[in-house]
Amino acid sequence: MPWRPGEDLRALLELVAPAGCAGCGRAAHRLCPDCRWQLGLTGPRPWRPTPCPPGFPPTWSGPAYEGVVPAVVVAWKEQDRVDLTPVLGAVLRRAVGSALAGSPEHRDAVLASSPVAVLPAPSARSSTRARGRSPVRELAVVAAGARRAVVPALVLTRTVADQAGLSARQRAANLGGAVRLRPGLAGALAGVPCVVVDDVVTTGATLAECARALREAGTGGVVAATVAATPRRSATARRPALPPAGGPD
Ligand SMILES: [Zn+2]
């Protein structure tokens, strides 16, 4: 197997000085029971950003992106803590279940054993290349389970600026028209109810843009599910915690 500089160096360092809990740093835990508990504390709940971008799909999410949650998500996404994929995937799976149950069209498809597509929100190609993996797609596979197909059909049509640090309006402009379906997949998804999944929803610009692309391609209804959601704050409150750099939203 070829030497993978970043990954293998991290593995070596891990042998010398094992990392602590991804959430709180406590030694001797990859993810301590307290942090694991906090990830599952807030069950799936319907979530809408404020302000809500046009076309934002009905969305279910797990915990608020605060407390230990940002540290866990950043460790998973940016520090190659792939051991956290099953933990975060389980949180996302519950959100997907609620999103399916909350939409009559999706619920009927599940009951009839008709196809329902799970689509990872697209990542900027540069960030995927830099990481050497597609974290959200890995998460989608865990969340979809064995009975549902993960269809990585959503792609960015152009380079978008890193969403971190952009305002809601800037994020919407940054992403406007930036998502499309991979050529040849629109036919396979025609009329199929879709669930878009992502790690963190902040302004909703990414999910709204994914939903627009799917609707224009003639899919069935679109709902969405995310692991976590940035907490609502009033316009005068301090800025919400931003999700890790590199992801579109
Ligand atoms: Zn912890």
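Here the structure is a predicted model, which is why all the values come from computation and not from measurement. Both counts, for ligands and for their atoms, begin at 1 and track the order of listing. Positions are given from 1, in the same order as the sequence printed here.
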Item to complete: Test side-chain contact (heavy atoms from CB on, under 4.5 Å) on V227 and L139 and set out the steps.
Response: CA-CA 9 Å; V227 173; L139 208 57; 3.6 Å; yes

Worksheet entry | Transitive ILVMFWY side-chain link V116 to V142, under 4.5 Å | no

Item to complete: Take the Zn ion (ligand 1) and tell me which protein N, O or S atoms are nearer than 2.8 Å.
Response: C21 SG, C24 SG, C32 SG, C35 SG

Worksheet item: Is V91 reachable from V72 through a run of I, L, V, M, F, W or Y residues, each pair having side-chain heavy atoms under 4.5 Å apart?
Response: yes

Item to complete: Drop me the distance from L31's CG to R36's CZ, to the nearest 0.5 angstrom.
Response: 5.0 Å

Worksheet entry | Same cluster (ILVMFWY, side-chain, under 4.5 Å), V222 and L156 | yes

Practice prompt. Look only at the side chain of R30 and the backbone of G20, and say whether a donor-acceptor pair between them is shorter than 3.5 Å.
Written response: no

